[in-house]
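Working notes, structure below.
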Amino acid sequence: ERKVWALADAVVAGDARAAVQLYLALRVQGERVPGLIYWMAQRLRQAADIAVRLEQGEAAGQIKRGLKMPSRAADRLIADARKAGVDSLRRALERLADLELTSRGGGPGISSEDTAMMLALERIAQ
């Protein structure tokens, strides 16, 4: 489960290389694409909410107290959300929604869900 969160955090941080490497490692371990999309979406929504709160002037310490995660992880998530910004995180959520649609057969024809995921990770983590 730790690698799943690391994947989601790499996406929030905009680290496409780490995201793809973690994704491939998780797939080798048998993780399924729908589950990974779920966890990434959850973390992106959380980061977008943090970015909005920061933009509205809420103190990072106040936000941190409301997060249910270890202190260092919360600090990193807040820093990554601040760096990424609201607009970037919302675009990432839109791209992830497109990936989910594609993974369910509703998007453009791509050869495999793995190809679709890696292409999406590159676009999302920009």
Please give the remaining members of the hydrophobic cluster of V86, linking ILVMFWY side chains under 4.5 Å, ordered by chain and number. V52

Quiz: residues 65-82 side-chain donor-acceptor pairs under 3.5 angstrom, not counting sequence neighbours:
residue: R65; atom: NH1; partner: G61; partner atom: O; Å: 3.4
residue: R65; atom: NH2; partner: Q62; partner atom: OE1; Å: 2.9
residue: S71; atom: OG; partner: K64; partner atom: NZ; Å: 2.7
residue: D75; atom: OD1; partner: K64; partner atom: NZ; Å: 3.0
residue: D75; atom: OD2; partner: K64; partner atom: NZ; Å: 3.2

Distance-only, no hydrogens or angles: does the R27 side chain make a donor-acceptor pair with backbone N or O of D114 under 3.5 Å? no

Tell me, do L24 and V20 make a side-chain contact under 4.5 Å, heavy atoms counted? yes

The complete set of ring-ring contact (aromatic ring centres under 6.0 Å, His included) pairs with one or both residues in residues 61-83, sequence neighbours excluded, reads none

Check A51 against G85 and note the closest heavy-atom contact, atom names and distance. CB-C, 4.1 Å

Could you list all the ring-ring contact (aromatic ring centres under 6.0 Å, His included) pairs where at least one residue sits in residues 10-31, not counting sequence neighbours? none

Between CG on residue L96 and CG on residue L101, distance to nearest 0.5 Å: 11.5 Å

What are the two closest non-hydrogen atoms of L22 and A10, and how far apart are they? CD1-CB, 4.3 Å

Please round to the nearest 0.5 Å and tell me the distance separating atom CE of M117 and atom OG1 of T115. 11.5 Å

Mind checking what makes side chain to side chain donor-acceptor pair (under 3.5 Å) contact with E58, not counting sequence neighbours? R53

For a side chain to side chain contact (heavy atoms under 4.5 Å, CB included) with E113, tell me which candidate from L99, V33, I37 qualifies. V33

Taking only residues two or more places apart in sequence or in another chain, which ones pass side-chain contact (heavy atoms from CB on, under 4.5 Å) with A48? L89, L93

For residues 30-75, which residue pairs pass the ring-ring contact (aromatic ring centres under 6.0 Å, His included) check, not counting sequence neighbours? W5-W39

The complete set of salt bridge (charged side-chain N to carboxylate O under 4.0 Å, His left out) pairs with one or both residues in residues 30-47, sequence neighbours excluded, reads D9-R43

Run the side-chain contact (heavy atoms from CB on, under 4.5 Å) test against A92 and tell me which residues pass, sequence neighbours left out. L44, I124

Inter-residue atom distance E94.CD - R123.CZ, 0.5 Å rounding: 13.0 Å

Rounded to the nearest 0.5 angstrom, the CD-CZ distance for E122 and R17 is 10.5 Å

Here the pair of heavy atoms bringing L121 nearest to A16 is O-CB, 4.1 Å

